[in-house]
Amino acid sequence: MSSKPYQPAAIEAAMQQRWRDERTFSVTEDPERESFYCLSMLPYPSGALHMGHVRNYTIGDLISRYQRLLGKNVLQPMGWDAFGLPAENAAIKNNTAPAAWTYANIEHMRGQLERLGFAYDWEREVTTCKPEYYRWEQLMFTRLMKQGLAYRKDSEVNWDPVDQTVLANEQVVDGRGWRSGALVERRTIPQWFLKITDYAEELLAGLDELDGWPESVKTMQRNWIGRSEGAEFSLPVCDADGVVQPDGLAIDVFTTRPDTAFGVTYAVLAPEHPLVGALTTDDQREAVDAFRSRVASTSEIDRLSDEGQLDKRGVFTGAYVLNPFNQQAVPLYLADYVLMGYGTGAIMAVPGQDQRDWEFAKAYDLPIIRTVQPPEDWEGEAYTGDGPAINSDWLDGMDVTDAKAKAMDWLEEQGIGRRTVNYRLRDWGVSRQRYWGCPIPVIYCEACGAQPVPEEELPVVLPEDVSFMGVQSPIKTDPEWRKTTCPACGGAAERETDTFDTFMESSWYYARYCCPDAEAQLDERANYWLPVDQYIGGIEHAIMHLMYFRFYHKLLRDAGMVDSDEPAKRLLCQGMVVAETYKIEGEDGSTTWINPDDVEVQKDDKGKIIGARLASDGTPVTVGAVEKMSKSKNNGVDPQSLVDRYGADTVRLFSLFAAPPDQSLEWSESGVEGAFRFLKRLWTLIDQHLEAGEPTSLDTQGLDDGQREVRRLVHDTIAKVSDDIDRRFTFNTAIAALMELTNHLARFEDTSPQGLAVAREGWTAIVQLLSPVTPHLSEALWDRLGDGRRLLEAGWPEADDSARVRQAVELVVQVNGKLRGRITVAPGCDRDSAQALALEEPNVQRFIEGKTVRKVIHVPDRLLNIVVG
RNA sequence: GCCGGAGUGGCGGAACUGGUAGACGCGACGGACUCAAAAUCCGUUUCUGGAAACAGAGUGAGGGUUCGAGUCCCUCCUCCGGCACCA
C-alpha cells in the first residue's frame with residue numbers, strides 16, 4: 001500500500017528551502033568550467049505574474065536545469081524592467097508615486113517567482129529604475145554624444161491639446177487622446193536619437209551568423225533594416241512645356257529601378273517635404289494645404305493602408321519636373337504613400353512597373369508607359385518581373401539587371417546622379433516626454449548649447465518621492481529640479497527633462513547580470529558569461545527589442561567592454577498564452593466579458609461544446625473566440641491560484657506539455673488537472689515500486705525478453721527526451737515520451753530481482769528526465785531512489801545504445817501507395833526477402849491479383865511499396 | 001497596406017529528412033470499486049459502411065510534382081504577431 005499521497009505544497013516548500021539553505025543556484029565565474037548563460041526576457045513589474053511570464057520562465061528554467069545536469073556552470077538571472085508607462089497610469093489611478101507602486105509590485109512578483117521554484121541566482125538581481133543601474137546607461141549616452149552617435153533633431157509626437165501632454169501611440173484611440181478624448185495633433189519637437197543606421201550593414205550581415213536564431217526572426221529583421229541598392233538623382237523643376245529656369249530648384253529622388261526611368265509619368269513628394277511650399281502654385285495651394293493637414297493627423301500605418309479612397313490619397317502641386325532621361329516634363333504630386341523618412345522623401349513614379357504607382361495613376365488619370373515587356377499571358381497590372389526593356393531608347397532590349405547598371409552608369413557620367421544604398425531602418429529615437437524613466441543626462445546652456453552631464457556628476461537621479469498627477473511629468477513642472485550650471489562655461493543652465501525610451505534599459509541588462517556590482521558599466525566577468533547561450537522571450541519582440549539589444553551589444557563592444565559581436569547565440573521565441581472568451585451581450589448592445597473561471601460549459605454526447613452559462617445563476621453565456629489573455633477580454637487566468645491549488649510542478653508541467661514552445665498555448669483547466677493526475681500517478685507508482693522490494697544490481701546480459709523490451713523502451717526514451725530538449729526544443733513531445741514510458745512501466749509487473757532492477761532503472765530515469773520540468777517532485781523522489789548524491793549533482797542520464805538494439809521491425813506494405821498489410825522482418829532485411837514475405841500476405845495478394853508488378857520501392861526497416869498496373 | 005507565422009479528430013496537439021495520419025493528454029462513452037459521490041483503476045473513441053476481417057473518405061480551399069504529399073510547388077481564404085512612443 002502507498003505510504004503517503006502526493007502533497008505538492010509540502011514537497012515544494014521543503015525543496016525550495018533546501019535550495020535557499022544550500023545556495024544551490026548562486027554561481028561564480030570559474031574559468032575551469034564551461035559556462036552556460038540562460039536568459040529569459042525580464043518582466044515589467046505590472047503587479048502580478050501572468051501566464052505568459054510563467055510560460056517564458058518555465059522554458060528558461062527547464063533549459064537551465066538541463067544544462068546544469070550536463071555539468072555546465074549555469075547562470076540564470078532575473079530582474080525587473082521597472083520603468084514604464086503603466087506605473088504612471090497606476091499612480092494616477094491609486095494616487096501613489098510610480099516608484100512606490102513599482103517597488104511593491106517587485107516584492108510581490110519576486111515571491112511568486114520563488115514559489116514557482118525557478119533556479120535563479122537572486123544575488124544578481126537587477127532593477128532598472130535604480131540609479132546604480134541607470135547611471136551606467138547615462139554614462140554610455142554621454143560618451144555616445146561625444147562620439148556623435150547620439151544627436152538631436154526635430155521629430156513628430158502625438159500632442160493632446162487638452163491635457164497639454166505628449167501621448168504614446170497606445171494612448172491614441174481612433175485619433176483621440178484616451179483620457180481627454182481630444183483630437184490628437186502632430187507636433188514637432190527636438191528629440192535625441194542614437195545612430196543605429198551607422199550599424200545597419202553590420203546588423204544585417206550579423207544575421208547570417210546567427211545559426212541559433214529562428215529564420216522568421218532573422219527574415220523580419222532583414223526586412224526591417226530593408227537594405228536596397230539603387231540610384232539617387234535630380235529632377236529639375238520646369239514649366240509644363242519642360243522649360244527649366246537656370247539655377248532653379250530640383251528634387252532629388254531615390255529609386256531601385258533606374259532602368260524604368262523612361263516610364264516616369266509623374267513624380268511625388270512626401271507631404272512633409274521641405275520643398276512643398278516653394279513648389280506649390282498659387283491655384284493649387286489651398287488643395288495642397290488641406291491635403292497636408294489631413295495627412296499630418298493620420299498615423300503612419302493608416303497612411304500605408306489601402307483604405308479604398310484612392311482619389312483622396314494625393315494632390316497635384318501645380319509644378320512640373322523634367323525627367324533627365326527623355327527631357328519630358330511630368331507633373332509633381334504629393335501622395336500619402338511617400339514617406340519623408342525613407343530615401344529622399346521623393347520618388348519618380350513608374351506606374352507600368354510599380355503597383356502602387358499604377359493604382360495612383362489610374363485614380364488620377366495619369367499616363368502609363370510600360371518599359372519592361374511582360375510575358376505573353378500577363379494578366380496583372382504593374383509588371384515587376386524581369387524581361388527586355390521597351391520604350392526606353394538606348395536601354396531597349398536589355399534585361400533588368402543590365403539596364404539598371406547602364407542607367408546608373410549614365411547618371412554618373414552625366415553628373416546628375418549616383419549609385420546609393422538606402423535602408424528602411426531609421427535612427428532610434430530615445431527621448432520620451434514622461435516622468436517614470438531614466439533622465440537623459442544633458443544640460444542646455446544658452447551660450448554653449450547641449451552639453452553632456454560630466455561623468456563625475458552622474459547619475460542624474462530621478463526623484464522618486466513625488467506626487468504624480470499624470471498631466472505633466474513632475475520633473476518638468478518642478479522649476480528647481482532642472483536648474484543647474486553649464487559644465488562648459490559655468491553659467492546658469494537647465495537640465496533635459498525628457499527621459500529615455502525604456503528599450504534603453506532592456507538593451508543591456510543581460511550584460512549587467514554578469515557583474516551586477518561592478519563599479520563600471522561592465523567588468524571582465526562579462527566576457528566569461530557572454531554571449532548569452534540561450535535567450536528566451538515572446539515573439540512580439542522579434543524586431544524592436546531584439547534589434548536594439550543587438551545594436552547595444554555592438555556599442556558595448558566598440559567601447560571595449562565585451563569581446564563578442566552578437567549578444568545571444570540561440571534564441572527561442574515562445575508563443576502567446578490564449579484562452580477562450582465568454583460574453584453576455586446586453587440588449588443595449590453592450591458586452592460583458594465573463595472570466596472562464598465563472599463559466600460552466602455544456603457539451604453534447606461527443607464532447608463538443610454546445611453552450612455555456614454562468615456557474616452562479618445559470619445565465620446563458622456566448623462562447624467567443626480564443627484570444628490572447630488580456631484584461632479587456634477578462635479571459636486571464638491567475639497563475640497564483642493554480643499554484644495554490646495544484647502546486648508549481650503541475651503548472652510547469654502543463655505549460656510545457658500543452659503546446660510546443662513557439663506556438664500559442666491554449667489555457668485549459670482540465671489540461672492542468674490532467675498534468676496533476678499524471679504527477680499523482682507517478683508518485684504512487686514509484687511508491688509502489690519502492691514497496692515491492694529491493695532490486696539486485698542490473699545484469700544487462702541476463703535479461704529475459706520482457707525485461708529486455710522494457711529496458712529498450714527506457715533507453716529509447718532517454719535518447720528521445722535528450723534530443724527533444726537539446727536539439728528540437730519540443731518539450732511537449734519529451735513529456736509525452738515520459739508519459740508513455742510511465743504507462744509501460746506501470747504495466748510491467750515483473751517483481752523478480754532482475755525485473756525490479758529493470759524497473760528501478762526506468763523509474764530513476766523518468767525522475768531525472770522530468771526534473772527540469774518538475775524539479776520539486778523529482779528531487780523528492782530522487783532522495784528515495786538515488787545514489788545518495790543530490791539530484792542536481794548526479795547528472796543527466798545517458799542512453800545505452802546496446803540496450804536499444806531491436807530484434808525485429810515492422811515493415812509497412814503498400815500497393816500503389818495504399819496501406820495493405822504489415823510484415824515483421826529482421827532489422828536490415830533486404831528488398832527481395834521483404835518482397836517475398838509481402839507477397840505471401842493474403843490482403844496484398846488480393847490487390848495485385850491479375851495485375852503486373854511494375855516497380856517495387858523499398859525503404860529499409862520502414863516500408864515496401866508494390867506498384868502494379 | 002507591408003513583413004513574419006499558423007490552419008490536422010469533439011479539444012490541445014503528434015507525425016523530426018517526402019514513406020503507417022491522429023503519439024501523448026483532455027473530453028466523451030462503457031465497465032470495476034463504493035450505500036452513494038469524489039478519487040482511483042480497466043476498456044472504447046477520426047468519419048462512413050460492416051458483427052468482424054476489411055473497405056471507402058480524410059490534414060483550411062482549389063490545382064500541380066511524385067511510386068507515395070499534412071510535409072514540396074502555384075493560386076486563394078481565414079486567424080494571429082510586428083509596423084519604430086505599450087512592454
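Predicted, not measured: the structure shown is a model, and the values here were computed from it. FYI, side chains are in, hydrogens and waters are out, and symmetry mates aren't considered; it's all heavy atoms of this structure. Chain letters run A, B, ... following the sequence lines, proteins first, then strands; residues in each count from 1.
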message: Give me the stems containing RNA chain B, sorted by first residue, counting only three or more consecutive Watson-Crick or G-U pairs with both distances under 3.5 Å; say none if there aren't any.
response: B:1-7 with B:77-83, B:10-12 with B:24-26, B:27-32 with B:40-45, B:46-49 with B:54-57, B:60-64 with B:72-76
List for me each residue that meets side chain to side chain donor-acceptor pair (under 3.5 Å) alongside [X], sequence neighbours excluded, and say none if there are none.
| X | value |
| --- | --- |
| A/N169 | A/N158 |
| A/R846 | A/N843 |
| A/Q433 | A/Q191, A/D498 |

query: Considering only heavy atoms, which members of residues 731-744 of chain A lie under 4.0 Å from some atom of RNA chain B?
result: A/N732, A/T733, A/A736, A/M739, A/E740, A/N743
Just the atom pairs and distances: protein N or O near nucleotides 37-44 of chain B's N or O, under 3.5 Å.
residue, atom, partner, partner atom, Å
B/rC41, OP1, A/R681, NE, 3.3

query: Would you say A/I823 and A/E841 make side-chain contact, with heavy atoms under 4.5 Å?
result: yes
message: Any heavy-atom pair between the side chains of A/D662 and A/P214 that's under 4.5 Å?
response: no
Holding to ring-ring contact (aromatic ring centres under 6.0 Å, His included), I want the full list of residues that pass it with [X], two or more places apart in sequence or in another chain.
| X | answer |
| --- | --- |
| A/Y342 | none |
| A/F731 | none |
| A/F729 | none |
| A/Y423 | none |

field: Among A/T733, A/L741, A/L769, the one residue meeting side chain to side chain contact (heavy atoms under 4.5 Å, CB included) with A/K720
entry: A/T733
query: Applying the side chain to side chain contact (heavy atoms under 4.5 Å, CB included) test to A/L656, which of A/N732, A/T774, A/T730, A/V773 qualifies?
result: A/V773
[atom1] of [X] versus [atom2] of [N]: gap in Å, rounded?
| X | N | atom1 | atom2 | value |
| --- | --- | --- | --- | --- |
| A/M220 | B/rG4 | CE | P | 9 Å |
| A/L204 | B/rC3 | CG | P | 17 Å |
| A/R55 | B/rG12 | CZ | P | 14 Å |
| A/M629 | B/rA87 | CE | P | 23 Å |
| A/W428 | B/rA84 | CH2 | C1' | 11 Å |
| A/H858 | B/rG18 | NE2 | P | 19 Å |

Angle class for the [X]/[Y] ring planes (parallel below 30°, perpendicular above 60°, tilted otherwise)?
| X | Y | value |
| --- | --- | --- |
| A/F83 | A/W436 | perpendicular |
| A/F676 | A/Y646 | perpendicular |
| A/H53 | A/Y57 | parallel |
| A/Y199 | A/F551 | perpendicular |

Short N/O separations, protein against nucleotides 50-58 of chain B, under 3.5 angstrom:
residue, atom, partner, partner atom, Å
B/rA55, OP1, A/R820, NH1, 3.1
B/rA55, OP1, A/N843, ND2, 3.0
B/rG56, OP1, A/R820, NH2, 3.3
B/rG56, OP2, A/R820, NH1, 3.1
B/rA57, OP2, A/K818, NZ, 3.2

Presence of donor-acceptor pair under 3.5 Å, side chain of A/R434 and base of B/rC85: yes
- prompt: For the ring pair A/F678 and A/F657, is the centre-to-centre distance below 6.0 Å?
  reply: no
Tabulate atom names and distances for all N/O pairs under 3.5 angstrom spanning the protein and nucleotides 65-69 of chain B.
residue, atom, partner, partner atom, Å
B/rC67, O2, A/N865, ND2, 2.5

